[in-house]
Amino acid sequence: MRIKNMSWRHPALQIATLPLLTVLVLFFLIPFGMTVLLSFQVTKLYQVAWSWDLTTWKDVFSHSYYWVIMARTLKMALICVVLCVFLGLPVAYALVNRLPSMENHVKILIVFAFLADAILKTFGWVLFFDRSGVLNGFLEVLGFGPAASDILFTPTAAMIAMVYNLLPYTIFTIYLSMMRIDRDLIAASYDSGASKLRTFWEITLPLSKPGLLAGAVLVFVLGLGVFLEPKIMGGGTSPLAAELIRQTFETRVNWPLGAALTIVVIGIGALTLMFFGYLLIKTTKSQGGNT
Amino acid sequence: MTAPIIDMKSLNKFYQAYQALYDITLSVEVGEFVALVGPSGCGKTSLLKILAGFEELTSGTLEIEGKDMRDVPPSERPTRMVFQKLALFPHKTIFDNIAFPLKIARLPKAEIAEKVRQMLDLMHLKEEYLTRYPSQLSGGEQQRVALARSMVSSPSVLLLDEPLSALDVKLKKSLQAELKRLHRTLGTSFVHVTHDLEEAMMLADRICVMKDGHVLQIGTPNDIYYRPAHPFVAGFIGDTNLLPATLTYSQNGANFTAQGVSCAAAAVQTTQLATDLDADHALLMIRPEMITINADAPKNCQMTGEVEEFFVKGATIQYRVRVQGLENEVTVETPGTAEVPISVGQTVRLNFDLSDIFVLGA
């Protein structure tokens with residue numbers, strides 16, 4: 001009997017899901033519930049005061065400053081998703097179709113880059129973009145004069161580091177989807193008279209959609225929570241949501257406000273996830289459940 | 001006679017150091033149904049892929065419709081392929097699958113709809129399938145859709161890569177009949193790859209038997225069955241008897257001597273001799289159904305042996321008879337009877353006619 005067809009009331013299924021359920025309840029649902037409760041309190045003299053009212057939430061909704069940061073966070077995450085998808089697509093396509101002999105070497109390189117510590121990698125980019133760094137040194141040799149590029153400590157630099165750190169997620173999810181496409185389908189498309197570009201558009205891309213959406217969701221969720229890249233590469237001039245929440249908790253010691261802001265970020269993430277989930281279900285359905 | 005639609009001359013194919021095809025020379029006439037037959041690894045699929053343009057040929061020439069096909073990609077060839085695993089697009093509806101080649105060719109919408117409808121009628125597919133997806137159809141229906149997609153743009157050559165091999169016997173039989181009907185109605189040239197010689201005999205006008213990258217014989221189904229050029233071809237379909245013999249050529253044929261066979265006048269006509277023969281190492285081929293067992297009807301040749309085993313096959317009964325001086329048992333097949341008239345261990349007389357012999361090289 002396939003799990004898909006089993007009632008969720010089935011005792012075997014309940015036992016099988018018990019460990020995961022316990023972990024999720026203990027480390028996700030309960031802390032989340034506590035965060036929700038916390039957001040209905042206020043803070044007095046750096047102490048949480050149990051007031052059970054909407055003061056904190058009124059605070060959140062009356063300060064446009066928070067929403068500017070939320071909007072910026074959402075914008076950065078969405079741009080990051082788009083860039084990661086557009087950069088991940090050709091890499092995955094090349095891995096599957098153009099480099100069959102070097103496939104494993106390239107995969108290992110990507111995994112190495114992926115597993116290296118994010119702080120290390122981000123500081124690597126700082127050295128690269130620094131006024132007297134590798135990039136400017138190179139540009140100077142080419143005759144662009146000293147310190148020709150000055151993008152370090154801008155949102156652009158933060159975006160570059162974000163894309164760099166999150167790109168493997170899209171590469172691998174798209175790669176896995178593309179690898180599962182039957183080569184005969186591509187051959188059948190060529191045989192029907194389609195060009196390479198047309199075949200990519202009509203066959204490869206639609207059949208990679210599940211992996212593409214999954215990668216996009218991953219990058220989006222992770223992109224909403226980035227903390228390191230805007231702080232190191234962005235120079236702290238245009239903070240994102242994670243930095244705002246950290247400051248609220250640590251510097252301002254306003255736990256209820258921090259909790260409320262956390263819930264706002266989770267809400268934005270959840271709504272977007274639902275949207276992507278809806279898209280995913282729609283595409284898999286249109287394939288007659290064949291994927 | 002018009003020029004052939006496919007013309008291959010001394011075609012060779014190498015995969016690195018491995019030679020997959022040796023010196024293939026084969027032409028297909030307009031409207032002809034040619035089957036490429038052979039065991040797996042014989043190169044028949046490589047040959048089909050070269051025709052479709054998915055593989056480059058290493059040397060030799062390939063012309064389709066009189067045009068040299070070197071460096072012509074699959075998308076620009078006048079051929080269409082039916083894939084072994086069908087390769088229907090899972091994310092497209094049946095309509096979009098069938099219409100795909102027409103959409104690529106940028107035909108007007110109304111014309112596309114019209115042609116898809118014609119294909120639907122031709123392939124006996126129901127109209128309600130058009131909005132469904134391939135996974136919602138049965139195996140046989142998917143097969144018809146794949147055929148429809150390949151035929152919809154009226155290609156001049158249809159290449160079939162064992163599309164029936166995955167189907168169960170009953171469905172296979174009905175689709176074989178369908179293919180034959182389709183070929184007759186459309187007048188398109190078919191090149192059909194199969195490992196099943198029986199299927200090839202049923203469908204094809206001409207059969208090309210291949211083994212280890214070589215073409216062993218090209219001929220009509222009757223050539224292949226009654227006048228095989230090679231022992232492998234003789235043994236590839238059904239059972240056969242190959243008796244070692246030596247020849248001495250005469251005015252209008254040859255005289256032969258073969259162990260265990262005694263004939264009134266052991267001579268065959270020139271038409272009963274394969275072209276490529278070694279007089280000292282020839283083989284007499286007699287099909288099992290040509291031999292009678294303990295029958296009174298007069299025949300020129302005779303053998304005597306002991307029945308080792310028999311098999312009741314329904315329509316026929318097959319006997320294995322051990323003949324003194326022959327390494328292999330002689331296989332005899334007689335029409336089935338309600339009672340098996342002969343028992344194991346019995347000594348029997350086998351008779352056949354001189355005219356039923358075909359002589360080939362060992």
Side-chain angles (χ1 to χ4, degrees), chain A residues 2 4-5 89 92-93 96-98 100-102 173-174 176-216 276 278-291, chain B residues 45 48-49 51-55 72-94 96-107 129 131-137 142 145-155 157-163:
Chain A
R2 290 177 62 178
K4 238 168 101 175
N5 307 330
L89 260 176
Y93 185 82
V96 175
N97 297 295
R98 289 278 168 271
S101 56
M102 284 162 58
T173 50
I174 297 172
L176 287 174
S177 255
M178 272 190 191
M179 215 178 53
R180 285 179 48 195
I181 300 175
D182 187 351
R183 301 295 304 161
D184 278 357
L185 294 181
I186 311 290
S189 173
Y190 291 155
D191 192 65
S192 302
S195 63
K196 280 194 170 155
L197 190 71
R198 189 78 193 259
T199 300
F200 178 80
W201 187 250
E202 294 260 8
I203 313 298
T204 314
L205 191 61
L207 291 176
S208 312
K209 224 179 197 169
L212 208 140
L213 287 175
F276 273 117
Y278 171 73
L279 275 189
L280 244 172
I281 289 165
K282 240 180 96 177
T283 45
T284 19
K285 252 196 193 150
S286 76
Q287 286 174 24
N290 202 30
T291 42
Chain B
T45 301
L48 199 73
K49 283 183 174 165
L51 288 177
F54 296 123
E55 301 271 4
V72 177
S75 52
E76 282 157 40
R77 295 194 180 198
T79 55
R80 285 279 183 273
M81 184 136 158
V82 182
F83 289 80
Q84 187 169 13
K85 288 177 287 166
L86 306 184
L88 294 174
F89 305 127
H91 59 298
K92 290 181 184 290
T93 59
I94 301 306
D96 285 337
N97 262 284
I98 299 176
F100 187 70
L102 303 177
K103 282 185 178 165
I104 297 294
R106 294 175 201 281
L107 258 62
Y129 291 168
T131 51
R132 293 193 194 168
Y133 289 89
S135 60
Q136 296 167 312
L137 263 56
Q142 290 183 14
V145 174
L147 277 167
R149 183 181 65 184
S150 313
M151 298 303 309
V152 74
S153 53
S154 319
V157 181
L158 190 68
L159 307 170
L160 300 113
D161 183 16
E162 305 202 34

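Just so you know, these numbers use all the heavy atoms, side chains as well, and skip hydrogens, waters and symmetry mates. Here is how names work: the chains are called A, B, and so on, in the same order as the sequence lines, proteins then strands, and each is numbered from 1.
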Asker: Looking only at heavy atoms, what is the nearest atom pair of B:Leu88 and A:Leu185, with distance?
Answerer: O-CD2, 3.2 Å

Asker: Would you say A:Met102 has more than 12 foreign heavy atoms packed within less than 6.0 Å of its CE?
Answerer: no

Asker: Considering only heavy atoms from C-beta outward, does the side chain of B:Ser150 approach that of A:Asp191 to under 4.5 Å?
Answerer: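 They are not in contact (no side-chain heavy atoms under 4.5 Å apart), so the answer is no.
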
Asker: Which atoms of B:Phe89 come close to chain A, meaning under 4.5 Å heavy atom to heavy atom: side chain ones, backbone ones, both, or neither?
Answerer: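 Both parts, backbone and side chain.
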
Asker: Check A:Glu202 against B:Lys92 and note the closest heavy-atom contact, atom names and distance.
Answerer: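 Shortest heavy-atom separation between A:Glu202 and B:Lys92 comes out as OE1-NZ, 2.5 Å.
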
Asker: Are the side chains of A:Ile203 and B:Phe100 in touch, meaning some heavy atoms are under 4.5 Å apart?
Answerer: yes

Asker: Please say whether more than 12 non-hydrogen atoms of neighbouring residues, nucleotides or ligands are located less than 6.0 Å from NZ in B:Lys85.
Answerer: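 Atom NZ in B:Lys85 is not crowded, with 12 or fewer foreign heavy atoms closer than 6.0 Å.
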
Asker: Grab the two heavy atoms, one from A:Pro206 and one from B:His91, that are nearest each other, plus how far apart they are.
Answerer: CB-CD2, 3.4 Å

Asker: Could you give the distance from OG (A:Ser192) to CD1 (B:Ile98), rounded to the nearest 0.5 Å?
Answerer: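 Answer rounded to 0.5 Å: 12.0 Å.
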
Asker: Looking at every non-hydrogen atom in both residues, tell me the closest pair between A:Gly193 and B:Ile104 and how far apart they are.
Answerer: O-CG2, 3.2 Å

Asker: Using non-hydrogen atoms only, which part of A:Ser189 is less than 4.5 Å away from chain B: side chain, backbone, both, or neither?
Answerer: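 Both parts, backbone and side chain.
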
Asker: So which heavy atom on A:Ala188 is nearest to which on B:Arg149, and how close?
Answerer: CB-NH2, 3.6 Å

